[in-house]
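Values reported hereafter were calculated over all heavy atoms of this structure, with side chains retained and with hydrogens, waters and symmetry mates removed.
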Amino acid sequence: MPKNGLDFDILLGLHGQAVTIGEVIAHQLHLSNFETVLGTMKGLMGLDFPKRIADVHSRWKVEVMREPKQPIIRNVDETFKWVAETFKLRHVFCHETATAVDTGQQEIDECLTHTSLFLEASDELIANTLFPDAPLTQTDMNLSTYKDYERERERLESTVEAILPTLSAKQKASFEKANLAWEEFFEASVNVEALVYEGGSIRPTIANLAGTQLVGDRQAQLARLADALQPDR
């Protein structure tokens, strides 16, 4: 990949969906040291990343395990120091002759421990930023996705009710026949999507997500039909 900008191969890959936007961004970033990582995360997320990561806690431990709320990183200065050291050692071992470097077991342990803490806190902060108050347990996920499905269903039913009075008797008969056929297709499609998870606790979530997607597609289709049936069209 060119150091700056995009070449034809990359653009072709994007067009063919062989390369994701995330992959392009990841390859454009230069993360050679810890300070660059902090600055990049601050720019990408639009928040004071070093300050926020110092306060982030594990939602799972607090909300599910009922443990006391406390930061994942207890001493942010200490953690940052060891993560920065990990980057330095990585550079030495990967790009230099490291025969003269004396790294003890204690130093390695500190690097691993604090880098793990940094990754755990980063993952939590990113997840909470992208998906605030997201359900944590499978039961909560099942309930949340079902509520989303119900909302889409209500929208679809409202659209159907709005269309029916605008149809002639012949049109209404065809519309109702098509709706019945779609419902049969919907049920079969959702069952197929969830088939691989049969008997698992995640199955309701998979079925709800598939149902929400299909209902949304049907809603968009009927919305276009309703628009076309307007008298002034």
Side-chain angles (χ1 to χ4, degrees), residues 1-138 140-141:
M1 175 176 289
K3 187 172 182 180
N4 294 301
L6 306 176
D7 62 16
F8 179 76
D9 289 337
I10 296 172
L11 293 175
L12 189 62
L14 284 171
H15 181 71
Q17 299 182 347
V19 179
T20 68
I21 296 296
E23 288 172 333
V24 173
I25 293 175
H27 283 83
Q28 291 290 316
L29 299 177
H30 304 287
L31 306 177
S32 58
N33 57 66
F34 185 52
E35 291 73 19
T36 305
V37 170
L38 293 178
T40 299
M41 294 305 298
K42 181 177 181 180
L44 286 174
M45 299 182 69
L47 49 78
D48 191 340
F49 189 81
K51 181 178 180 181
R52 291 285 298 278
I53 201 173
D55 298 327
V56 71
H57 67 277
S58 169
R59 286 186 59 214
W60 177 268
K61 289 181 180 179
V62 174
E63 299 175 28
V64 179
M65 303 304 294
R66 302 301 180 186
E67 296 181 9
K69 184 177 179 180
Q70 55 190 10
I72 294 173
I73 299 176
R74 305 291 183 87
N75 185 332
V76 69
D77 292 333
E78 184 76 0
T79 293
F80 281 13
K81 181 188 78 172
W82 284 110
V83 177
E85 181 65 17
T86 301
F87 269 87
K88 286 173 59 179
L89 290 175
R90 175 258 177 197
H91 183 80
V92 169
F93 292 132
C94 290
H95 302 292
E96 300 177 10
T97 302
T99 54
V101 176
D102 184 15
T103 305
Q105 182 65 48
Q106 180 65 31
E107 184 177 4
I108 294 173
D109 288 344
E110 294 288 1
C111 286
L112 287 173
T113 297
H114 287 281
T115 299
S116 295
L117 286 175
F118 176 76
L119 291 174
E120 180 184 351
S122 297
D123 184 64
E124 189 80 31
L125 178 56
I126 292 168
N128 293 341
T129 302
L130 294 176
F131 310 105
D133 301 318
L136 298 176
T137 66
Q138 190 57 61
D140 289 339
M141 292 177 193

Tell me the closest heavy-atom pair linking E124 and I72, and the distance in Å.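 Closest heavy-atom pair between E124 and I72: CB-CD1, 4.0 Å.
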Which heavy atom in P71 sits nearest to a heavy atom in A54, and how many Å separate them?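 For P71 versus A54, the nearest heavy atoms are CB-O, 3.6 Å.
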Give the C-alpha distance, both sets of side-chain angles, the deciding distance and a yes or no for side-chain contact (heavy atoms from CB on, under 4.5 Å) between L44 and F49. CA-CA 10 Å; L44 286 174; F49 189 81; over 6 Å; no
Any heavy-atom pair between the side chains of [Y] and [X] that's under 4.5 Å?
| X | Y | result |
| --- | --- | --- |
| P50 | V76 | no |
| F87 | T36 | no |
| W82 | E107 | yes |

Return all side-chain donor-acceptor pairs below 3.5 angstrom for residues 112-121, not counting sequence neighbours, or 'none' if the list is empty.
{"unit_1": "T113", "atom_1": "OG1", "unit_2": "D109", "atom_2": "O", "d": "2.9"}
{"unit_1": "H114", "atom_1": "ND1", "unit_2": "T79", "atom_2": "OG1", "d": "2.9"}
{"unit_1": "H114", "atom_1": "NE2", "unit_2": "E110", "atom_2": "OE1", "d": "3.3"}
{"unit_1": "T115", "atom_1": "OG1", "unit_2": "T86", "atom_2": "OG1", "d": "3.2"}
{"unit_1": "T115", "atom_1": "OG1", "unit_2": "C111", "atom_2": "O", "d": "2.7"}
{"unit_1": "S116", "atom_1": "OG", "unit_2": "L112", "atom_2": "O", "d": "2.8"}

Residue pair L136, M141: steps toward the side-chain contact (heavy atoms from CB on, under 4.5 Å) verdict: CA-CA 7 Å; L136 298 176; M141 292 177 193; 5.9 Å; no
Using side chain to side chain contact (heavy atoms under 4.5 Å, CB included) as the criterion, list what pairs up with K69, not counting sequence neighbours.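 Scan of K69 (side chain to side chain contact (heavy atoms under 4.5 Å, CB included), adjacent residues dropped) gives H57, V62.
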Rounded at 0.5 Å granularity, tell me how far [atom1] in [X] sits from [atom2] in [Y].
| X | Y | atom1 | atom2 | value |
| --- | --- | --- | --- | --- |
| L47 | L125 | CG | CG | 6.0 Å |
| M41 | I53 | CE | CD1 | 8.0 Å |
| R90 | N33 | CZ | CG | 10.5 Å |

Taking the side chain from R52 and the backbone from K42, do they hold a donor-acceptor pair closer than 3.5 Å?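 Not a single qualifying donor-acceptor pair exists.
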Other residues, nucleotides, ligands: >12 heavy atoms within 6.0 Å of K81 NZ: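 Counting neighbours around NZ of K81, more than 12 heavy atoms of other residues, nucleotides or ligands fall under 6.0 Å, so yes.
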